[in-house]
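The next block holds one structure in the form of structure tokens; read it before the comments.
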Amino acid sequence: DKLGESAMWHPAEQAIYWVDWYGPTLRRLGNGAPIKSWTFSDSSILGSFVFAAGGTFLLALNTGIKLFNPVSGGLRDVADPNQGREGVAYNDSKVDRQGRLWIGTFDVKEREPRGILYCIDAAGNVHVADSGYTVCNGPAFSPDGSILYFSDTMGKRIIAYDVDSRVPQLRNRRVFADLGGETGLPDGLTVDAEGCLWCALYGASRIVR
């Protein structure tokens, strides 16, 4: 991989999926089979993916959020809140218990606070959850779904928000962890069964819990 990211375990398939960010390629490894790859030559970046219904995937391509059918190879447009802003692309994403997609963008040059955290509901409506970040990363949810954790990568901190289950809004923004004294930058996040947060520190070859 040029940049391997967004590893996700599929329990029903007993397989792991991940993306080669610059491939841009989705990969699968499981059940002793060779690695299977799907490359999207019409795009330049695959920031992340999530599992969707019926064996499909939601892909965060630089050209928009698209529904991918791995059997037919078909792509269908779902949303594009970034609206093709030059120098801004999609990054990490996760789905909450209400089936809403939370996805962040980032400034490709990693200089300006142009990143926005969006929420896309099941009907495809787009909502701005927060903004003013250079690089949005994470996100991850607490086991009960009431807290969203978010990596402010260039700010070297992890933010926590309270999640409203009825409307796509975040409340009570606070700093969960200040990583200013750490080597590396907070990137991907996940939460374990005990409610502890795991964070990959980009550039430090290290994971912290």
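W18 and W38 are not part of a single hydrophobic cluster, where members link through side-chain heavy atoms under 4.5 Å apart. Both L148 and V175 belong to a common hydrophobic cluster when Ile, Leu, Val, Met, Phe, Trp and Tyr are linked at side-chain heavy-atom distances under 4.5 angstrom. Using a 4.5 Å cut-off between side-chain heavy atoms of Ile, Leu, Val, Met, Phe, Trp and Tyr, with links allowed through other members, V71 and I35 fall into different hydrophobic clusters. Residues V108 and I65 do not share a hydrophobic cluster, clusters being chains of Ile/Leu/Val/Met/Phe/Trp/Tyr side chains in contact below 4.5 Å. In this structure, F141 is not a member of the same hydrophobic cluster as V50, with clusters built from ILVMFWY side-chain heavy atoms closer than 4.5 Å.
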Going through the distances and angles, do F40 and F68 end up as a ring-ring contact (aromatic ring centres under 6.0 Å, His included)?
-> CA-CA 10 Å; F40 306 95; F68 172 59; 5.0 Å; yes
Carefully, step by step, assess N137 and T153 under the rule side chain to side chain donor-acceptor pair (under 3.5 Å).
-> CA-CA 6 Å; N137 259 313; T153 298; 2.9 Å; yes
Evaluate the criterion side chain to side chain contact (heavy atoms under 4.5 Å, CB included) for residue pair V128 and Y118; output intermediate values, then yes/no.
-> CA-CA 5 Å; V128 173; Y118 294 103; 4.0 Å; yes
Could you give me the CA-CA distance, side-chain angles and deciding distance for Y90 and D80, then say whether side chain to side chain contact (heavy atoms under 4.5 Å, CB included) is met?
-> CA-CA 10 Å; Y90 295 106; D80 187 14; 2.6 Å; yes
Candidate pair I207 and L201, rule side chain to side chain contact (heavy atoms under 4.5 Å, CB included), full reasoning = CA-CA 6 Å; I207 298 172; L201 293 178; over 6 Å; no
Assess whether side chain to side chain contact (heavy atoms under 4.5 Å, CB included) is satisfied between R28 and E13, documenting all intermediate values.
-> CA-CA 10 Å; R28 178 191 186 277; E13 296 183 11; 3.0 Å; yes
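Residues S37 and T25 have side chains that never bring a donor and an acceptor to within less than 3.5 angstrom of each other.
Two residues are said to be in side-chain contact when any heavy atoms from C-beta on lie closer than 4.5 Å; R27 and D1 meet this criterion. Two residues are said to be in side-chain contact when any heavy atoms from C-beta on lie closer than 4.5 Å; F106 and R114 fail this criterion. A 4.5 Å side-chain heavy-atom check between C119 and W102 finds at least one atom pair inside the cut-off. Using a 4.5 Å cut-off on side-chain heavy atoms (C-beta onward), E5 and S48 make no contact. Inter-residue side-chain proximity for K156 and L185 is flagged as met; some heavy-atom pair is nearer than 4.5 Å. Between I158 and C199, the closest side-chain pair of non-hydrogen atoms falls below 4.5 Å. Two residues are said to be in side-chain contact when any heavy atoms from C-beta on lie closer than 4.5 Å; V163 and R100 meet this criterion. Looking at heavy atoms from C-beta onward, I147 lies out of side-chain contact with V191 at the 4.5 angstrom threshold.
Using modelled atom types, no side-chain atom of D164 and backbone atom of R171 make a donor-acceptor pair closer than 3.5 Å. Proximity of a side-chain donor or acceptor of D96 to a complementary backbone N or O of Q98 within less than 3.5 Å is detected. Side-chain N or O atoms of N69 include none that pairs as donor or acceptor with a backbone N or O of G74 at under 3.5 Å.
A salt bridge is absent between D107 and K109; no separation between the charged side-chain nitrogens and carboxylate oxygens falls under 4.0 Å.
Taking both residues in full, the closest heavy atoms of Q14 and W9 are given as C-CH2, 3.4 Å, listed atom of the first, atom of the second, then distance. Here the shortest heavy-atom pairing between C136 and G115 reads SG-C, 3.9 Å. When all heavy atoms are compared, the tightest approach of A79 to P81 is C-CD, 3.7 Å. In plain terms, the two heavy atoms of P24 and S44 that are nearest each other are CG-C, 3.9 Å. Taking all atoms of both residues into account, the shortest heavy-atom contact from D20 to L3 is OD1-N, 3.1 Å. Nearest heavy atom pair, residue L75 against residue K66, reads CD2-CB, 4.1 Å.
Counting heavy atoms of neighbouring residues, nucleotides and ligands inside a 6.0 Å radius, atom CG of D42 does not exceed 12 of them. In R209, the CZ atom is crowded: over 12 heavy atoms of neighbouring residues, nucleotides or ligands sit closer than 6.0 Å.
Judged as a ring pair (Phe, Tyr, Trp, His ring centres under 6.0 Å), the pairs with a partner in residues 166-203 (not counting sequence neighbours) are, in order, Y149-F176.
Interatomic distance, L189 CG to D92 CG, rounded to the nearest 0.5 Å: 8.0 Å. Taken from CD1 in I159 to CZ in R174, the straight-line distance is 10.0 Å, to the nearest 0.5 Å. Within the model, atoms CG of L59 and CG of L61 stand 5.0 Å from one another, a figure rounded to the nearest 0.5 Å. The distance from the CG atom of D187 to the CG atom of N91 is 7.0 Å, given to the nearest 0.5 Å. Taken to the nearest 0.5 Å, the CD atom of E182 stands 4.5 Å off from the CZ atom of R206. Here the straight-line distance linking atom CG of D178 with atom CZ of R157 works out to 8.5 Å at 0.5 Å rounding.
Ring-plane geometry between Y17 and H10 is classed as tilted, the angle between the planes lying from 30 to 60 degrees on a 0 to 90 degree scale.
Ring centroid separation for the pair F150 and Y133 comes in under the 6.0 Å cut-off.
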